[in-house]
Trainee: 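I'd like to ask you about the structure that follows.
When reading the values below, keep in mind they use all heavy atoms of this one structure, side chains included, and skip hydrogens, waters and symmetry mates. First listed ligand is number 1; within each ligand, the first listed atom is number 1.
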Amino acid sequence: MFREIKNGKLYFDGCDMTEIAKEYGTPLYVFSENDIVSRFEDLKRDFSDKYGNCRVAYAAKAFCTKGMLKIVEKCGASVDVVSGGEIAVAKAAGFPADRIEFNGNNKLPAEIDMAVEYGIKRFILDGVKELPLIEEACKKNDTKVNVVVRITPGVPASTHDHIITGKLDSKFGIPMEDDVLYPVIKAVIDSPYTEFTGLHMHIGSQLFTNEEYIKSLEVMLDCATEIKKRYDVAVRELNMGGGFGVTYIDEERKPYSFFLDPLMERIISWAEELKIERPVVAVEPGRSMIAEAGITLYTVGQIKNIKNVRKYVSVDGGMGDNIRVALYDAEYTGVVANKAEEPCTEKVTICGKCCESGDLIARDIMVPASIEAGDILVIFSTGAYGYAMASNYNNNPVPGAVLLKDGKAAWLIKPQTYEQIMENQVIPEWI
Ligand code: LLP
């Protein structure tokens, strides 16, 4: 946590948020490099260094920019991408291809070509139709890639329905049915273009319990045992996906060890029982690396007090920079940066400026009664899936992002301009 209150004002990674708002304008995403790096260090300490033979691949979907991927590279982690766009950003950032893994339930032929051409060597296979596309691309490029097969363990995670992925009724992964899963694995083993490397699962996002992880791991280990028995092929890698929960309001963030120690213990004992080498264990955290490292700064505008109903405080951003409230009923909290020490006695709802009633940023949050136009409102924990899911609804530009470190600040993403919004628009000549 790199937030502090000094002289009545909110500071983040050594910078005064009211000053940052003045200098860079609002709405503005703000990220703390120290906070991001500390998450990678936590994982290194509690996972990769502790157990060895482990890999952390940051799930780029949570927040993918050139600067962010440079930080990930510096932290020694790999990156998990899911689209040509994310590969393009990784390429532009000079992210080493051998540390990129390619996930996704419907990788397009052009994306697979792009990945193989760039030298990406690890594909998380998410369906039988993908294999010939990978083979084709490998043939063209005279290469071979590692393939990790994503299974659907059939265990529902306890989280928002939209972000559960591991239950049976899912578009992700390959179901555990004998005549569906094993032929795919056999085809990967037999292909001259692919090296069968292991198994992958991702059961859901924003998780705080690990029973589902453990149950899913059992399914995965049974499958690995079966692969050894049927084909005499070792599963050399087990990928647990991401999903570690973060604090938005008052959720108690669990240390990585809470999730990973029981999984590692079980994997170690399984390998001992089978008298095989322990596979590499990989994780793919997105949200937990970046959510709390990012905040959003807004300027307060119109305030409407509907007597005995609700007080709406409008800000200069909205669902264009944070769709999560409209999409998942996500909850946030925040602070008025220039009144950070004033008691919060007034319950208000923070709304955006988009033409939609669901355009809310935070329902029923407590703020100082003196809140007024011109105040700088900061919403916490917006670093993951905020910018990543931003849109141009109402032709509002996507805000920029600033990176902070020990009191210094610099652009990470410049704010979008009106010209950029219109860049690809064409008026057909017959109009
Ligand atoms: N690996 C795979 C295969 C995934 O599908 C995901 C997330 C992750 C890793 C990273 O999960 P995380 O550590 O971030 O929980 N837009 C939603 C979240 C969608 C997550 C999709 N997959 C949200 O704003 O809550």
Trainee: Will you find, in the side chains of N103 and D126, an N or O donor that is under 3.5 Å from an N or O acceptor?
Mentor: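 Checked: N103/D126 side chains show no N/O donor-acceptor pair below 3.5 Å.
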Trainee: Could you check whether R122 and T197, counting side-chain N and O atoms only, form a donor-acceptor pair closer than 3.5 Å?
Mentor: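 No donor-acceptor contact under 3.5 Å links the two side chains.
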Trainee: Might you work through the side chain to side chain contact (heavy atoms under 4.5 Å, CB included) test for V335 and F380, ending with a clear yes or no?
Mentor: CA-CA 8 Å; V335 66; F380 298 136; 3.4 Å; yes
Trainee: For S205, is at least one N or O under 3.5 Å away from an N or O on ligand 1?
Mentor: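 Min N/O separation from ligand 1 is below 3.5 Å for S205.
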Trainee: Give a yes or no answer on whether the side chain of R278 reaches the backbone of N53 with a donor-acceptor pair at less than 3.5 Å.
Mentor: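 Yes.
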Trainee: Determine whether the side chains of D261 and Y51 contain a donor N or O and an acceptor N or O closer than 3.5 Å.
Mentor: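 Note: D261 and Y51 side chains meet the donor-acceptor criterion.
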Trainee: Would you mind running through ligand 1 and noting each atom that sits below 4.0 Å from a heavy atom of G242?
Mentor: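 Numbered from 1, ligand 1 contributes 9 (C), 13 (O).
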Trainee: So which of F244, Y248, F172, Y328 gets nearest to atom 17 (C) of ligand 1, if we judge by its closest heavy atom?
Mentor: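 Looking at heavy atoms only, Y328 sits closest to atom 17 (C) of ligand 1.
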Trainee: Is the positively charged end of K107 above the ring of F102, judged by distance under 6.0 angstrom from the centroid and angle within 45° of the axis?
Mentor: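 Positive - K107 is close enough to the ring of F102 and near enough to its axis.
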Trainee: I'd like to know if E136 pairs up with K139 as an ion pair, taking the criterion as any Lys NZ or Arg NE/NH1/NH2 lying under 4.0 Å from an Asp or Glu carboxylate oxygen.
Mentor: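 No, this pair does not count.
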Trainee: Would you check the N or O atoms of R324, main chain and side chain alike, for any that come under 3.5 Å of an N or O of ligand 1?
Mentor: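 Between R324 and ligand 1, an N or O pair is found under 3.5 Å apart.
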Trainee: Which of the listed options, H202, E284, E101, holds the heavy atom that is closest to atom 6 (C) of ligand 1?
Mentor: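 Closest candidate by heavy-atom distance is H202.
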Trainee: At a non-hydrogen distance cut-off of under 4.0 Å, which region of R287 contacts ligand 1 (side chain, backbone, both, or neither)?
Mentor: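 Both backbone and side chain.
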Trainee: With a cut-off of 4.0 Å, which atoms of ligand 1 are near a heavy atom of G243?
Mentor: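 Counting from 1, the qualifying ligand atoms are 11 (O), 12 (P), 13 (O), 15 (O).
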Trainee: Does the residue M289 have a heavy-atom contact with ligand 1, meaning some pair of atoms that are separated by less than 4.0 Å?
Mentor: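 No; M289 lies far enough from ligand 1 that no heavy-atom distance drops under 4.0 Å.
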Trainee: Assess the side chains of R45 and Y256: does a donor N or O sit below 3.5 Å from an acceptor N or O?
Mentor: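 No, no side-chain donor-acceptor contact under 3.5 Å.
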Trainee: Are any of the heavy atoms in A62 under 4.0 Å away from ligand 1?
Mentor: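 For ligand 1, residue contact (heavy atoms, under 4.0 Å) with A62 is absent.
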Trainee: Counting from 1, what ligand 1 atoms have a heavy atom of M389 closer than 4.0 Å?
Mentor: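 Result: 16 (N), 24 (O).
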Trainee: Return a yes/no value for Y385: is any of its N or O atoms, backbone included, closer than 3.5 angstrom to an N or O of ligand 1?
Mentor: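 Yes, Y385 has an N/O under 3.5 Å of an N/O on ligand 1.
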Trainee: By number and element, which atoms of ligand 1 are closer than 4.0 Å to a non-hydrogen atom of P285?
Mentor: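 This gives 13 (O) as the contact atoms.
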